[in-house]
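Order of listing sets the numbers, starting from 1, for every ligand and every atom in it.
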Amino acid sequence: MERTFVMIKPDGVQRCLIGEIISRLEKKGLKIVAMKMMKIERDLAERHYAEHKGKPFFESLVSYVTSGPVVAMVVEGKNAIKIVRTLVGATNPAEAAPGTIRGDFGMEVGRNVIHASDSPESAEREIALFFKPDEIVEYRRIDEDWLYE
Ligand code: DAT
Ligand code: MG
């Protein structure tokens with residue numbers, strides 16, 4: 001099993017997409033093992049997006065993700081990092097395929113609704129930034145025997 005970090009960004013919360021997005025993750029077979037609504041402070045936003053520091057969009061990205069509440073999650077499943085990135089779609093919603101979260105719900109790159117970790121290293125780093133170990137819950141989904149062979 002693999003864990004990934006997912007965050008519904010402020011536009012996703014304000015546009016009332018929390019339920020829709022969680023529903024897509026659940027129906028796919030992914031398991032939510034931690035979740036909280038929170039307002040991100042500037043320091044956390046800058047650390048979360050540290051790899052983009054210095055890029056032209058960094059300031060607007062930080063002010064966007066700190067502009068309202070977000071929903072932070074740890075999502076678990078076999079190959080969860082890749083599977084969630086596939087559900088999320090391309091970074092720019094204008095190019096994201098229909099059927100993906102960004103493809104279905106976004107219009108431009110600066111308001112792309114959702115974040116998901118892009119590698120095992122970033123998943124580990126991002127989960128640790130947002131959650132304490134005891135906030136992550138271990139349990140079995142009742143359908144796990146039917147999701148995995
Ligand atoms: P992703 O969120 O798909 O992992 P990323 O890590 O390259 O994409 O960038 C992080 C966020 O920064 C992205 O969700 C939206 C914003 N962003 C990326 N490239 C951008 C650009 N060229 N112009 C404006 N915002 C951008
Ligand atoms: Mg990224």
Note to self: Has Arg102 got a side-chain atom pairing as donor or acceptor with Val113's backbone, closer than 3.5 angstrom?
What the structure shows: no
Note to self: Measuring only between side-chain heavy atoms, which start at C-beta, is Val75 closer than 4.5 Å to Lys28?
What the structure shows: no
Check: Below 3.5 angstrom, do we get any N/O pair linking Glu51 and ligand 1?
Finding: no
Notebook entry, point to check: Relative to the heavy atoms of Tyr49, which atoms of ligand 1 are at a distance of less than 4.0 Å?
Noted result: 10 (C)
Next item on the list: Return the residue, atom name and 0.1 Å-rounded distance of the protein heavy atom closest to atom 10 (C) of ligand 1.
Entry: His52 NE2, 3.4 Å
Margin query: Do Met7 and Val109 land in one hydrophobic cluster if side-chain heavy atoms of ILVMFWY residues count as linked below 4.5 Å?
Written below: no
Check: Nearest protein heavy atom to atom 21 (C) of ligand 1, by residue and atom, and its distance?
Finding: Phe57 CD2, 3.5 Å
Note to self: Is there a polar contact between ligand 1 and Lys9, counting only N or O atoms under 3.5 Å apart?
What the structure shows: yes
Checklist line | Part of Glu108 within contact of ligand 1 (heavy atoms, under 4.0 Å) | finding: neither
Margin query: Please determine whether side-chain contact (heavy atoms from CB on, under 4.5 Å) holds for the pair Glu126 and Thr4, giving the CA-CA distance in whole Å, both sets of side-chain angles, and the decisive distance to 0.1 Å.
Written below: CA-CA 8 Å; Glu126 291 165 3; Thr4 187; over 6 Å; no
Next item on the list: Identify the protein heavy atom lying closest to atom 3 (O) of ligand 1, giving its residue, its atom name and the separation to 0.1 Å.
Entry: Thr91 OG1, 2.5 Å
Notebook entry, point to check: What distance do Ile136 atom CD1 and Ile32 atom CD1 have between them, rounded to the nearest 0.5 Å?
Noted result: 13.5 Å
Checklist line | Polar side-chain atom of Glu135 near backbone of Lys132 as donor-acceptor pair, under 3.5 Å | finding: yes
Next item on the list: Test Arg125 against Glu121 for salt bridge (Lys or Arg N to Asp or Glu O under 4.0 Å), laying out the working first.
Entry: CA-CA 6 Å; Arg125 190 183 72 83; Glu121 297 70 34; over 6 Å; no
Notebook entry, point to check: Looking only at heavy atoms of His48, does any of them come nearer than 4.0 Å to an atom of ligand 1?
Noted result: no
Check: Tell me, which protein residue and heavy-atom name are nearest atom 2 (O) of ligand 1, and how many Å apart are they?
Finding: Arg102 NH2, 3.0 Å
Next item on the list: Could you list which atoms of ligand 1 come closer than 4.0 Å to a heavy atom of Asn112?
Entry: 13 (C), 14 (O), 15 (C)
Checklist line | Check: Phe130 ring centre within less than 6.0 Å of His115 ring centre | finding: no
Next item on the list: Run the numbers for me: atoms of ligand 1, each under 4.0 Å from some heavy atom of Arg85, listed by number.
Entry: 1 (P), 3 (O), 4 (O)
Check: Going through the distances and angles, do Arg140 and Asp145 end up as a salt bridge (Lys or Arg N to Asp or Glu O under 4.0 Å)?
Finding: CA-CA 10 Å; Arg140 265 181 71 77; Asp145 289 342; 3.1 Å; yes
Item checked: Which residue and heavy atom of the protein sit nearest atom 23 (N) of ligand 1, plus the separation -> Val109 CG1, 3.6 Å
Checklist line | Proximal ligand 1 atoms for Leu61, defined as those under 4.0 Å from one of its heavy atoms | finding: 11 (C), 12 (O), 16 (C)
